[in-house]
Every structure is written in structure tokens, then in C-alpha cells.
Protein chains: 2
Amino acid sequence: MQVLRNFFVNNKSLTLVTKKLIISLEQRRISAMPPKKRKAASDEEGGSEKAKSQKTKKEKPAAKKKEKTCPTDYEAIDYSCTTKNKHGETFNVRISNWNVDGLRAWVQKDGLSFLEYEKPDILCLQETKCSEDKLPDDIKELQDYKMFWHNSNKEGYAGVALFSLVEPLSIKYGIGNDEHDTEGRCITAEYEKYYVVSVYVPNAGRRLVTLPKRLEWNKIFKKFIKELDKQKPVIICGDMNVAHSEIDLANPKTNTKNAGFTKEEREGMTDFLSDGYVDTFRKLYPDQTGAYTFWTYMRNARSNNVGWRLDYFIVSDRLVDNVCDNKIRSGVFGSDHCPITLFMNI
Amino acid sequence: MQVLRNFFVNNKSLTLVTKKLIISLEQRRISAMPPKKRKAASDEEGGSEKAKSQKTKKEKPAAKKKEKTCPTDYEAIDYSCTTKNKHGETFNVRISNWNVDGLRAWVQKDGLSFLEYEKPDILCLQETKCSEDKLPDDIKELQDYKMFWHNSNKEGYAGVALFSLVEPLSIKYGIGNDEHDTEGRCITAEYEKYYVVSVYVPNAGRRLVTLPKRLEWNKIFKKFIKELDKQKPVIICGDMNVAHSEIDLANPKTNTKNAGFTKEEREGMTDFLSDGYVDTFRKLYPDQTGAYTFWTYMRNARSNNVGWRLDYFIVSDRLVDNVCDNKIRSGVFGSDHCPITLFMNI
DNA sequence: CCTAAGATG
DNA sequence: CATCGTAGG
């Protein structure tokens, strides 16, 4: 666990900075348009004429975009939030979270456009599966956000990120445990009034092979957050890899022995929350059914909404009254998870 | 080495059987058309309505075709051959050869359509990379051809096939060497008047790590063919993994230390031919430049025709006067190699 | 079903 | 820059 940066900024100015983003919005919308049709066959069959590519300036081949998954209709979504919190205030901070299931594929699928529509002040990503030297240009060229990465030693596995419009006061990588911290699962950003944690909780695995590891994580993570919470209230954003209650997945009955809905994992979440934290979505919408953030790619699960709510905003009890809303962007594609957004005034 | 089948058929009827194929031609052309546009987003976002897919008959998801590589304009190619051989005869047997670089990907890229345009009596394939239990349905449903497979023990590696309109008199798998024959590199089909060999010669590898193995193969293969040639003349079809002479690749000067153009490999080919065989293409077109059958996928090699002639029809000396033509189908896509076709009268 | 790495060409 | 297998989910 390292503390790398220590700048002081005015936390209040977070939402103001987002206006910068509006400028680049139209620009990205254009670049997100369908790729030009492939060069005609005649071009390809240029054959023995030997076009002798004149080695001009080594133009990049314009990174062909994948068209496999359903493209997002970003225009169809309502990004506004007029809901007031318990103090009667509208939001002044917007935090989004997304398990991207491979940052490079997600960029290809135009996941970055989400940023410029939602315009979060802070964005937490999980399963980036990308070491920093392999980041796509679209990420490297991203001007508006400070970006922080915590990657696994194992290439192409796990990895989390935290993007922030304002420079955080400090950044912690990991949860203070040498075993778990080699896997790139946690980034903590300190702001004036709170901590924001981007976390990817270990999956219990097929046939629950890694359930022990997961339960050990639960203990260590709880302690880690407890320590933060002593300093400032905490906003945990991430893939908790558990559907807490029956209402949180489409098929509770058939999944009690499967990773993400075992007794142990569910109790782990109950235990964690009992320590002084709140699942903001369920607090706001206690009876909302069919509200999921993950759908397996298999068996058309997403189009049938056979999903799981695995991604959460969990806040310290004393922040509950600051929460304005917690939205699930289930119409946003690019991963097997969808993004979620928390609106707060603090 | 095994001899599995021993049927007797009239070799003369080979080309007549091809007429059967014409019937299914139009059918495949329709199925080769661009896949239907992906279901609309509205369908995908059906969401919590839970369409409860009624489990009718488990319809197959219609195998989405890849559109990455350049599609072939099969209509633009002239499949006729009126050229006469030294005896003044037009062809009565047509043999095609293609290193498909992964049979499953090749099927996705509509490689099978080539068969129904070219209508070869015999088709030899290399680098199928597909065990028989994983053959795509389009292959399994292929009615007109008897199909023979020789696969590697190593999944997804090497593998050759031989398709034949008429049942061969016998089939041999391998070259009679236990080491090499685990790698799926050779099928020999016996016909009344000749043998047809589908072969995938070992690549010398990056930094020539497997050059010794390759040179050992050369010896064994030469002996193997010699034995066949004592019985009947031989038609060797395949990826010989060598460009024989400077004229056979775009960049001879810079490739003398690279797999496929080392002194040893080139001499291996010279030595082999000196034993009583002829490279039919070079015999017919001794000065033809820019005639290649392979282009690396890298650096737009194919559109610049920076290629290699690695795929050959090599026939016993006494068959040379039977050859009508040897065509290189460089406009046919679906692999990093293109197909070649031999027209003979025998 | 999808992502990624690694081996092979 | 493709193909494939495998791990991981």
C-alpha cells in the first residue's frame, strides 16, 4: 500500500470542472460513428503492381471498431438528476462505476462515450485487464481526467482504475495485504470530505474453488475500510461479486450454490453493511425488482434480463442523507456489466 | 501409416461427378450473402419483460460470419480452362489445394464457396487446426465429397484434409514415421492411375528453431514419395513451406536467413525435384514474377503483393505432359494462403 | 459467450 | 496480424 500523491484542491469545484467535457462531446460523437466501409476488393487485389507504400508518415490503420455487441443509444438516456437528498439539496458530485470486462475491448465498443454523456466527476473501473504500457490511445489522449491504475501481476487479469476530474489529495493502492494486492483490486482516492474506493472483490470461482480466498478478502477489506472510515466517510464503488438478497438476481433459487449467491458471500455482505455502511441503491429502492448490473454473455441473458446486481455504491452511514440518487444504466452496453451512477451533495 | 479403405471405382468418371455440384451452387451463393443485420437495439433491451424463450426446438444461432478480411468476389474469377496439354487434350481432372489457416475461421469467411465455383474433383487442405469432433456443420453437411482428415495430437495445430468426389482406392495417413505422423501432415489418396498427396511440410520456425526437424522430414518424405512413385505416378499438393528460387518471393535478399528461404530448405526442394518430379507452375511459367500463394497478414503484405510461393503441385516426371494448367487463385480470400488449381488430362 | 495471454505461423 | 487452445468469468 503506497501513498503517492498529496495535492490539495477544493473539493467543491468538482462539478464545475465537468463543463470542460461538454466541449469534446460532439467531437467524440462523430468519432463514434460507424467505421468507414472496408476498402473495396479492387484495392486489396492491387496485386503485382506493387504499390510500394511510400513510407510517408506511417499512418495508423484507424483502429477498426468491433461491431459484435449491441451499440449503445447514448442519446436515448436521461442523464439529468433533479432528485433532492434528505437535506433538500440537489447533487453536486456525480460518481460512476463500471466493470468494463477488458478495457481495450470496451474502448473498441465505444465505452468511453459514456463518460462524455454521463460526465461523472469520478469514474471507477474494474476488470481493466490492461497493464499501463498497453493502454489504448483513446485512453492516453483523455485530457480531462487524472487516471490511476492498479493492475494485477498476472497479465490480462483483474485490474482496477479510478478517473478523477480533480486531483485527489492522496491515492492508496491495495488494501494493505501483500497476497491480495498483487491482483490489482483496489484503489482509494482521498478527497477533502470523503474517500472513494474503486474495488473488484475476488470471484468465488466455478465450483467455488476460490471461495476461501474471497472470504479472507472480506475480512481484510472490512478492516481496511474501517480504518478509512475512522478518518473520513467512505464511498465504496465496485463489483462486490455478490447479489445480496433474492431480489438482487433473476434466479435466486437455482444459484444458491453458485459464485455470487452462496450463503457465505451473502452473509459477508450483511456483515459488512452491519459495520456502519449502506447499499445506496437498495436503500433508495427497497422493493425494486429486475434491477441488475450484470448479465452473463451466455444464453441471451441480457435481452431476457436474467441478471445479477453485483455492482454497488456502499457509503458510510453518515453519508446516507447526502445521497440524491443511484441510477443503473442498464441501457449502456460495452461489457457484461452496465455502469451505475451515484448522485450526491456533500 | 494405415491403409483404411479399398474401393474400386472408374477413375475416368471423376469430372462427370462434378456436375452434381452445379445444382447446389446457387443455393450456396444465397447462403453466402451478407448476414442479416443484427437484431435492433430495441430487441436487445427487451429488459424485464422476460421474453421467456419458449424452448421451441433450440434453433441454432445461425453462426454469425466474420467480416474482418476482404470478401472474395467469386463471380469475378474465370474458372474455365481450355488450355491443352502436350498430348493436345483438354483437362478431365481438376485438383485444388489450399492452406486454410484454420478450417473453422475459413468456413466463417466463406471459404467453402470456392469449392462450388472451382468445382475441383479433389481438394487438398492444410492447417485445418480442427479435430474431427469439432468440424463445423457446413463441413459435416457437405454431401458431394468424401472427406479424409489427418490431425495433430496437438489441438489447434497443423492438420491436413483431402476431399474427393469419387471414393479413392485407398487412403494412407502419414509418411510412415511415428514422430512426424502425430502432427497431421500428410494424406495420400490412391486412384486408378496415380496417387494424390495432401501435405503440410513442417515450418522451420522463428529463428529457425525447427529447421533440423524440417530437414529430417525432407529425407523421410522423399523416401515415402519414392515408394509411392514405384507403384503409380504421384501428384503432390500442398504447402511445401519453401520458396524455391528468388523468383518465388517478393523479397529474396532480406529473407535468406528466414524460414522458407534458407539455403537448406531451397536445396531440399532442388534435391527433391531432381529425384524425378516437376514443379508444375514453374514448368509452365518459368519467368512469371509476382506469382505468390502466401502473404503474411502483417504489414498489408497481400495488398502490396509482398508474398511467397509456398504452395505447389509437384508431379512425377511422367505426368508432366498430362498437365494442362496450374492456376493461382490469388483473388480468393479466406486465409493467408490462396488456393491453387491443377488441370490435367489422365 | 466474451476477454485476455501465449504459442505458432 | 491472423489462427488456435486455455484460464477466468
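The structure presented is a predicted model; accordingly, all values stated were derived computationally and were not measured.
- In this structure a side-chain-to-backbone donor-acceptor pair under 3.5 Å is missing from A:T210 to A:K213.
- Checked by atom type and distance alone, the side chain of B:H337 never pairs as donor or acceptor with a backbone atom of B:W98 at under 3.5 Å.
- Between the CD atom of B:Q108 and the C1' atom of D:dC4 there is a distance of 14 Å, given to the nearest Å.
- Heavy-atom distances to DNA chain C give each of A:V100 and B:N241 a nearest nucleotide, and the one nearer the 5′ end belongs to A:V100.
- Distance A:F333 CZ to C:dC1 P: 17 Å, rounded to the nearest Å.
- Spacing between atom CG of B:D336 and atom C1' of D:dC4 amounts to 13 Å, rounded to whole angstrom units.
- Using a 4.0 Å heavy-atom criterion, one finds that B:Y200 contacts the sugar-phosphate atoms exclusively.
- If you check C:dC2, D:dG8, C:dA4 against the side chain of A:Y297, the one that comes closest is C:dC2.
- D:dT3 atom C1' lies 14 Å from atom CG of B:N203, rounded to whole Å.
- We find that OH of B:Y157 is positioned 21 Å from P of D:dA2, with the value rounded to whole Å.
- Residue A:K129 has its side chain nearest to C:dT3 when only C:dC1, D:dC1, C:dT3 are considered.
- In this structure, B:R302 is not positioned above the aromatic face of B:F294 in the sense of NZ or CZ being under 6.0 Å from the six-membered ring centre and within 45° of the axis.
- Of the listed nucleotides (C:dT8, C:dG9, D:dA7), C:dG9 has the atom at the smallest distance from the side chain of B:M298.
- The separation between A:K134 atom NZ and C:dA4 atom P is 11 Å, rounded to whole Å.
- For B:K109, counting side-chain heavy atoms from C-beta on, the closest listed nucleotide (D:dT3, C:dA4, C:dG9) is D:dT3.
- Under the 6.0 Å distance and 45° angle rule, B:R185 does not count as a cation-pi partner of B:F221.
- The residue A:R206 sits close to a base: some heavy atom pair falls under 4.0 Å.
- Remark: side-chain polar atoms of A:T293 are not paired, donor with acceptor, to backbone N or O of A:C338 under 3.5 angstrom.
- When the P atom of C:dC2 is taken as reference, atom CG of A:N99 falls 16 Å away, rounded to whole Å.
- For the pair B:Q126 CD and D:dA2 P, the interatomic distance rounds to 21 Å; values are reported in whole Å.
- Both A:T296 and A:E155 lie near DNA chain C, and the one whose nearest nucleotide falls closer to the 5' end is A:T296.
- Side-chain proximity of B:K154 to D:dA2, C:dA4, C:dT8: nearest is C:dT8.
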